[in-house]
2 protein chains.
Amino acid sequence: MVTKKKPSPKWRSGCPLNASVEILGDRWSLLIIRDMMLRGFRSYKEFLESYEGIATNILADRLRKLMAHGIITTGRDPLDGRKVIYSLTEKGIDLAPVLTEMVLWAAAHEKTENPGLVQLIQKDKEQFLAAARERWAGKTIAARAK
Amino acid sequence: MVTKKKPSPKWRSGCPLNASVEILGDRWSLLIIRDMMLRGFRSYKEFLESYEGIATNILADRLRKLMAHGIITTGRDPLDGRKVIYSLTEKGIDLAPVLTEMVLWAAAHEKTENPGLVQLIQKDKEQFLAAARERWAGKTIAARAK
DNA sequence: CAGGATCCGTTTCGATACTG
DNA sequence: CAGTATCGAAACGGATCCTG
């Protein structure tokens with residue numbers, strides 16, 4: 001039989017978000033970004049042991065995709081050359097407002113976890129974002145100094 | 001009836017977003033919400049013909065899930081009793097800030113589509129959100145008044 | 001005809017085992 | 001520790017069928 005090939009330019013653009021939904025519309029990518037941004041995770045092992053229980057191949061795949069999209073970078077821990085660490089890029093850090101709004105929405109409408117963080121964000125959103133940005137800016141530079 | 005066999009308590013909670021990632025971390029749900037919020041889509045047919053090309057069973061499934069999560073409701077078009085229309089609930093409308101931040105992020109970092117809308121949002125985010133909220137509040141009430 | 005439900009071949013995901 | 005290989009399970013897409 002003649003097999004129809006799918007070259008997979010399936011996601012035609014034309015409306016906002018069409019391109020980014022590939023990365024933002026994925027559970028694991030979202031959770032990895034959240035864990036880096038909100039919990040400070042940086043290593044493969046930390047993500048693996050995160051209690052969502054991601055599989056090793058899926059984790060590797062998503063890290064690869066996030067790198068391909070320029071949202072994270074990889075490098076060696078400057079303090080311990082054996083360890084591989086991941087860092088958010090500028091583009092990744094810029095997702096903080098998206099994550100923040102998600103957390104606020106979830107807190108308002110779903111049963112909320114970690115009310116402390118939520119209250120902190122609610123109290124001063126701008127300051128929280130600035131702090132997150134600064135914290136990550138330093139780490140990114142450190143990681144880039146390979 | 002269809003798949004009702006989903007106990008799957010796989011998603012343990014403990015950190016913000018864990019509960020909501022099920023809906024926010026799904027391509028199709030995200031696109032449906034976007035199409036309702038930004039493009040004013042309301043009917044099954046409109047979603048189906050949206051150029052992302054969703055399959056009928058997938059669309060029906062996602063609409064069901066969005067309803068189960070209380071993000072949309074269904075009802076008859078008050079102007080045409082034969083038509084089924086979907087509306088954002090309050091909870092759904094509250095996703096506007098999340099969508100807005102996503103659009104801004106995508107515009108800043110991916111090749112941007114529909115620059116007009118993006119500029120509109122950038123110019124006055126708060127006013128855009130207020131307008132969206134008001135527009136939908138009216139529609140929701142109209143849809144519920146039947 | 002709009003709004004789905006059902007069946008089925010294909011693609012992707014994910015749990016586990018294994019490796020440098 | 002940081003991943004790859006494998007392989008069954010689930011999701012997807014597409015056509016078709018059903019119901020009001």
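The chains referred to below are lettered A, B, ... by the order of the sequence lines, with proteins before strands, and numbering in each begins at 1.
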Report task. Return the value, rounded to whole Å, for the distance between atom CZ of B:Phe41 and atom P of C:dA2. Result -> 15 Å
Query raised in the report: Does A:Asn57 make a side-chain donor-acceptor contact with the base of D:dG3, cut-off 3.5 Å?
Result: no
Query raised in the report: Salt bridge between B:Arg64 and B:Asp61, side-chain N to carboxylate O under 4.0 Å?
Result: yes
Report summary line: Testing D:dA15, C:dG3, D:dG14 for proximity to the side chain of B:Ala55, the answer is D:dG14
Query raised in the report: What's the shortest heavy-atom distance between A:Trp105 and B:Ser20, and which atoms?
Result: CZ3-CB, 3.6 Å
Requested in this report: Check the distance between C:dG3's P and B:Phe47's CZ and give it to me in whole angstrom.
Outcome: 10 Å
Query raised in the report: Think B:Lys83 has a side-chain N or O under 4.0 angstrom from the OP1 or OP2 of C:dA2?
Result: no
Query raised in the report: Under 4.0 Å between a side-chain N or O of A:Arg64 and OP1 or OP2 of D:dA2?
Result: no
Report task. Rounded to the nearest angstrom, tell me the gap between atom OH in A:Tyr86 and atom P in D:dG3. Result -> 3 Å
**Report entry** Short side-chain to backbone donor-acceptor contact, B:Arg76 and B:Arg82, under 3.5 Å
**Finding:** yes
Report summary line: Residue pair B:Asp26/A:Thr56 against DNA chain D: nearer the 5' end by closest nucleotide is A:Thr56
Report summary line: When rounded to whole Å, the CG to C1' distance for the pair A:Leu63 and D:dC1 reads 14 Å
Query raised in the report: Below 4.0 angstrom from OP1 or OP2 of D:dA11, is there any side-chain N or O of B:Trp28?
Result: no
Requested in this report: Please state whether the base of D:dA2 and the side chain of A:Ser43 form at least one donor-acceptor pair under 3.5 Å?
Outcome: no
Query raised in the report: What's the closest nucleotide to the A:Lys45 side chain, out of C:dG14, D:dA2, D:dG3?
Result: D:dA2
Report summary line: Atom CG of B:Asp77 and atom C1' of C:dG3 are separated, to the nearest Å, by 14 Å
Query - A:Arg62 side-chain N/O to C:dC13 phosphate OP1/OP2 under 4.0 Å - result: yes
Under 3.5 Å donor-acceptor pairs involving side-chain atoms of residues 121-129 of chain B, not counting sequence neighbours:
residue	atom	partner	partner atom	Å
B:Asp124	OD1	B:Glu126	N	3.4
B:Asp124	OD1	B:Gln127	N	3.1
B:Lys125	NZ	B:Glu101	OE2	2.7

Requested in this report: Applying side-chain contact (heavy atoms from CB on, under 4.5 Å), run through B:Arg133 and B:Glu90 and close with a yes or a no.
Outcome: CA-CA 9 Å; B:Arg133 178 175 294 274; B:Glu90 270 302 310; 3.8 Å; yes
**Report entry** Protein-nucleotide distance (B:Leu59, atom CG; C:dT6, atom P), rounded to Å
**Finding:** 16 Å
Query raised in the report: What is the nucleic acid contact for A:Asp61, judged by heavy atoms within less than 4.0 Å: base, sugar-phosphate only, or nothing?
Result: nothing
Requested in this report: Using whole Å, report how far CZ of B:Arg27 lies from P of D:dA11.
Outcome: 15 Å
Report task. Return the value, rounded to whole Å, for the distance between atom CD of A:Glu46 and atom C1' of D:dG3. Result -> 16 Å
